[in-house]
> 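I'd like to ask you about the structure that follows.
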There are 2 protein chains.
Amino acid sequence: MAQTDEQRWQRRKAERPGEIIDAALELFVEKGFMATRLDEVAQRAGVSKGTLYLYFDSKEALFRAVVETLVVPEIERTEQLIDAYEGPAAELISQLVKQWWQTVGESRVCGLPKLIISESGNFPELARFYVEQVIDRVRRVIAKLIKRGIATGEFKSCDPVYIARLLLAPMVFAAIYQHSLLPYDSEPFEVAAYLDTHLDIFLHGLVAPVAESGAAET
Amino acid sequence: MAQTDEQRWQRRKAERPGEIIDAALELFVEKGFMATRLDEVAQRAGVSKGTLYLYFDSKEALFRAVVETLVVPEIERTEQLIDAYEGPAAELISQLVKQWWQTVGESRVCGLPKLIISESGNFPELARFYVEQVIDRVRRVIAKLIKRGIATGEFKSCDPVYIARLLLAPMVFAAIYQHSLLPYDSEPFEVAAYLDTHLDIFLHGLVAPVAESGAAET
DNA sequence: CTTAAATAACTGACTGGTCAGTCATTAAAA
DNA sequence: TTTTAATGACTGACCAGTCAGTTATTTAAG
C-alpha cells in the first residue's frame, strides 16, 4: 500500500566490504567457518546474499579477507611499539602484555586465534599465511627483546625463542578460552589479574639469579 | 568368478565401537566436527556407514562418545597420581608435567582440547561437560597442590587457581598447537624441551623469596 | 557330523533437507 | 536515460540418516 516512497536499500559500495567482514568475523568466531551460513552473514551485515558475491569471490575468500584485514595492521602496530621503546626489557614486556589486552583482548579481533586454529586443517594456505605473518613475526620480535635482556644481564641465559613462546602461550590461551569454554566455566576469570600474575611469575622466573656472593646453587 | 570363499566382512560386535571412536577422533581432530564426513569415518574404521548407526544414534552422539570414552579414564589416572605422591610440591609438579606429556601428549587424546574448543560454540552441553569433568577437576587438584606448597612455605603467597591456570596454559597450548599450526611453522618445537623451560621459569618464579634474614615482606 | 533354520551384524543405495554459489531482474544513483 | 549496486528465487552438489536386503554366525534338528 504505502511503501512506494520508502527506500528499500541504498548504494554503499565503500562501506559494504567492512560491514560484511565484521559480520563474518563475529559469526566465524562464534560458530566456526563450516557452520556459518552465508545467509546469516548477509543478514547481519544488512545485505542480501547476492551482495556478498559482489565483493568476495567465495566463502573462503571472505574468510581470508577477514584474517588479512584485521590482523596485519595489528601486527604492525605491535612491532612499532616495540621498536619505539628503549628501557629495561622486563618493563617493556610488562607494558606490552597489558597493552595487548587493552587493545586486542577486548576487541573482536581477539577471536581470531580460535578461528584460525579450528580451521587450520581445512585451510592449509591460510594457516601458513597466519603462521608467517602473525605468529612468526610476533615471536621473532619478542625473542629479540629477550635476547636484549639476556645480553644486558637482566635475564638469565636461556633459549629466547622458547621464552617467547612461554610468554605468549598464556596470553593466546586466554584469548582462545574466552571465545570457547569460558562461558561454561563457573570459576571467575579476570584476564587482567591473570596476566598480572603471569607477568609476576614469569619475570621473576626469568631474572638472573641475584649475584650476591655465591650465584646459583643448582 | 572366484570370490565366493573370500569373506566380505566379519561380525565383530565388541571391537566395532572402539574402532569407530578411534577413527572418528582422528578425523574430528584433523578436520573438525562439521567437516568430517561419516562416510569417511566408516571407511577409516573399516565398516559401512550403516554400521555406525548400529552403535551410535547420531553424528553428535558419536562425538560425545569420543570425548567421554577417552577423557574420563585419563582424568582419573591423573588424580590418582597426585593423591598417591607426597613430597615437595615443586618436584611433584615437575614430574606431573613430564609424565603428562609422555602419556597424553603423544597419544591421540592430545587432539581433544583443540576439538572441544573448536566446537564449543556448536555443542554447549558438551562444552559444559568438558569444563566440569576435565578442566575443573584438573584445575582443582593442581590448585590444591599449589596451596599445599604455599602452606609449607615452599611457594610464595598467591591465588592458587590463577597459578594452576598458568601452569596448565602452556601445556594445553602445546597440545593445541601441535594439532593445528605446528605443521605450518618453520621454527622447530621440541615439546619436551619447551616444557622443561616452562618448569624452570615457572617454578623459579613461584618460589618464596629466599628468606635470608627478614622472612616475607609482602 | 552334517545341514537347514534362525538370528543379528553388516551393507549400500536411496531420500529429504540444506546451502554455496548463480543470474535474471529491480531500483538507486549519476 | 544509462549505469551499476543490490536483490532473492533458483539450482546443483552434498551428506546425515534410513531401511530393505545380504551374509556371517549360531543354534538345533536330523
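Here is the naming used below: chain letters follow the sequence lines, and residue numbers restart at 1 for every chain. Being a predicted model, the structure only gives us computed values, none of them experimental.
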> For nucleotides 20-23 of chain D, print each protein N/O atom paired with a nucleotide N/O atom at under 3.5 Å, atom names and distance only.
from: D:dT23; atom 1: OP1; to: B:Arg8; atom 2: NH1; distance (Å): 3.0
from: D:dT23; atom 1: OP1; to: B:Arg8; atom 2: NH2; distance (Å): 3.0

> Could B:Glu125 and B:Arg128 be called an ion pair, given the rule that one side-chain N must be under 4.0 Å from one carboxylate O?
no

> Indicate yes or no: does A:Lys31 engage A:Glu40 in a salt bridge with an N to O separation below 4.0 Å.
yes

> For nucleotides 8-15 of chain D, which of its nitrogen or oxygen atoms have a protein nitrogen or oxygen under 3.5 Å away, and what is each distance?
from: D:dC15; atom 1: OP1; to: B:Arg37; atom 2: NE; distance (Å): 2.8

> Could you state the atom-to-atom distance from CD of B:Glu15 to C1' of C:dC10 in whole Å?
14 Å

> Would you call the rings of B:Tyr177 and B:Phe189 parallel, tilted or perpendicular, where under 30° means parallel and over 60° means perpendicular?
perpendicular

> Rounding to a whole Å, what distance do you find between B:Arg16:CZ and C:dT11:C1'?
11 Å

> Does C:dA27 have OP1 or OP2 sitting under 4.0 Å from an N or O in the side chain of A:Gln10?
no

> Which whole-number value in Å describes the distance from B:Tyr53 OH to C:dA9 P?
19 Å

> Can you name the residues that form a side-chain hydrogen bond (donor to acceptor under 3.5 Å, both in side chains) with B:Arg11, not counting sequence neighbours?
none

> NZ/A:Lys147 to CG/A:Asp159 distance, rounded to the nearest 0.5 angstrom?
9.0 Å

> Tell me: CG of B:Leu54 to P of C:dT11, nearest whole Å?
9 Å

> Looking at OG of A:Ser120 and NE2 of B:His179, how far apart are the two atoms once the value is rounded to the nearest 0.5 Å?
11.0 Å

> Going by side-chain hydrogen bond (donor to acceptor under 3.5 Å, both in side chains), name the residues that satisfy it together with B:Gln178, two or more places apart in sequence or in a different chain.
none

> Which heavy atom of A:Val41 sits nearest a heavy atom of A:Ile20, and at what distance?
CG1-O, 4.1 Å

> Can you name the residues that form a side chain to side chain contact (heavy atoms under 4.5 Å, CB included) with A:Leu54, not counting sequence neighbours?
A:Thr51

> Which nucleotide wins on minimum distance to the side chain of A:Lys13, given the candidates D:dA5, D:dA16, C:dT22?
D:dA5

> What are the two closest heavy atoms between A:Glu187 and B:Arg139, and how far apart are they?
CB-NH2, 3.3 Å

> In whole angstrom, what separates A:Ile20's CD1 from D:dA5's P?
13 Å

> Counting only side-chain nitrogens and oxygens, does A:Tyr55 get under 4.0 Å of the OP1 or OP2 atom of D:dA6?
yes

> Based on Watson-Crick and G-U pairs with both distances under 3.5 Å, what dot-bracket line describes DNA chain D 5' to 3', crossing pairs as [ ] and inter-strand pairs as |?
||||||||||||||||||||||||||||||

> Without decimals, in angstroms, what is the distance between B:Leu62 CG and D:dG17 C1'?
13 Å

> Could you tell me how the ring of B:Phe33 sits relative to the ring of B:Phe28: parallel (under 30°), tilted (30 to 60°) or perpendicular (over 60°)?
tilted

> Over how many whole Å does the gap from A:Gln7 atom CD to C:dT26 atom P extend?
18 Å

> Heavy-atom nearest nucleotide on DNA chain D for B:Ser58 versus A:Leu52: which residue maps closer to 5'?
A:Leu52

> What is the separation between atom CZ on B:Phe56 and atom P on D:dT18, rounded to the nearest whole Å?
15 Å

